[in-house]
Amino acid sequence: LLDEAGSLAKAQEFSRRLYDAVEEGPIDSLIEDQDWENEMAVISRVAQAKVSFQNEESGYELSLDVPEDVAKLAEPGWRISALHLARTPKGWCLLEMGNVYPI
């Protein structure tokens with residue numbers, strides 16, 4: 001139970017910090033967007049300042065640049081609901097997200 005409580009606390013912190021890192025303001029030069037409102041995303045990989053997400057339904061994978069301290073909190077296998085991301089010439093950015101599930 002303690003391990004589960006620790007994972008939940010870590011997932012909540014990751015969720016809060018990732019949400020705080022959401023790019024504010026209008027998106028310039030939108031190339032594409034991915035709205036996974038009704039699908040779950042799985043954290044597939046974590047690197048020093050990058051978290052990769054894979055859509056469970058379609059298999060589509062993308063990587064999001066995040067601050068290093070946010071990436072350190074992420075765990076492969078965690079699921080996230082309702083991701084909405086946009087790709088610009090600078091890379092992918094997070095527009096909205098739902099809950100993080102440390103499963």
Side-chain angles (χ1 to χ4, degrees):
L1 276 173
L2 268 177
D3 192 37
E4 288 178 20
S7 292
L8 182 58
K10 188 176 177 185
Q12 289 174 335
E13 179 70 8
F14 169 71
S15 178
R16 186 183 65 75
R17 301 283 292 281
L18 184 61
Y19 188 78
D20 288 347
V22 171
E23 185 170 324
E24 296 180 15
I27 301 293
D28 293 329
S29 304
L30 177 68
I31 296 171
E32 76 175 289
D33 77 315
Q34 290 286 320
D35 190 355
W36 299 349
E37 181 179 354
N38 298 314
E39 295 96 7
M40 292 294 281
V42 177
I43 296 177
S44 54
R45 288 178 284 163
V46 178
Q48 188 171 5
K50 192 175 293 281
V51 177
S52 297
F53 302 96
Q54 184 172 28
N55 183 304
E56 277 190 327
E57 198 167 295
S58 69
Y60 189 91
E61 186 175 51
L62 55 85
S63 295
L64 183 66
D65 292 325
V66 299
E68 284 185 41
D69 58 328
V70 175
K72 286 180 183 178
L73 293 168
E75 296 283 341
W78 284 359
R79 287 165 168 69
I80 302 174
S81 64
L83 276 184
H84 188 187
L85 303 114
R87 186 163 60 107
T88 70
K90 295 179 184 178
W92 286 98
C93 60
L94 179 66
L95 301 176
E96 295 178 273
M97 64 179 279
N99 296 314
V100 176
Y101 303 96
I103 298 172

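Small disclaimer: the values here were computed from a predicted structure and weren't measured.
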- [ ] For the pair Val100 and Tyr19, evaluate side chain to side chain contact (heavy atoms under 4.5 Å, CB included) and give the outcome as yes or no after the intermediate values.
- [x] CA-CA 11 Å; Val100 176; Tyr19 188 78; over 6 Å; no
Task: Leu18/Leu64 under side chain to side chain contact (heavy atoms under 4.5 Å, CB included): CA gap, chis, key distance, verdict - done: CA-CA 10 Å; Leu18 184 61; Leu64 183 66; 4.1 Å; yes
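In the hydrophobic clustering of ILVMFWY residues, with side-chain heavy atoms under 4.5 Å counting as a link, Val42 and Phe14 come out apart. Under the 4.5 Å side-chain heavy-atom criterion for grouping Ile, Leu, Val, Met, Phe, Trp and Tyr, Leu62 is connected to Val66 within one hydrophobic cluster. Under the 4.5 Å side-chain contact rule for hydrophobic residues, Met97 and Tyr60 share a cluster. Hydrophobic cluster membership differs between Ile31 and Leu85, with clusters built from Ile, Leu, Val, Met, Phe, Trp and Tyr side chains linked at under 4.5 angstrom.
Remark: the backbone N or O of Asn99 is paired with a side-chain donor or acceptor of Ser81 at under 3.5 angstrom. Put simply, the side chain of Arg79 gets close to the backbone of Gly77: a donor and an acceptor are under 3.5 Å apart. Formation of a donor-acceptor pair under 3.5 Å by the Glu68 side chain with backbone atoms of Gln48 is not found in this model.
Interatomic distance, CG of Asn38 versus CD of Glu57, reported as 8.5 Å (0.5 Å rounding). Atoms CD and NE2, on Gln34 and His84 in that order, are 9.0 Å from each other to the nearest 0.5 Å. Rounding to the nearest 0.5 Å gives a distance of 9.0 Å between CG of Leu83 and CE of Met40.
By the 4.5 Å heavy-atom criterion applied to side chains, Leu94 and Phe53 are not counted as neighbours. Taking 4.5 Å as the limit, some side-chain heavy atom of Trp92 sits within range of a side-chain heavy atom of Glu32. Between Trp78 and Lys10, some side-chain heavy-atom pair lies under the 4.5 Å cut-off. At a threshold of 4.5 Å between non-hydrogen side-chain atoms, the residues Ile43 and Glu75 do not count as touching.
A salt bridge links Arg16 to Glu13: one of the charged nitrogens lies within less than 4.0 Å of a carboxylate oxygen.
Nearest heavy atoms, Ser29 versus Pro89: O-CD, 3.2 Å. Residue Trp36 comes nearest to Gln54 through the heavy atom pair CZ3-C, 4.1 Å, listed as atom of the first residue, atom of the second, then distance. Of all the heavy atoms in Ser15 and Gly98, the pair that sits closest is OG-O, 4.4 Å. Taking all atoms of both residues into account, the shortest heavy-atom contact from Ala71 to Lys50 is CB-N, 4.2 Å.
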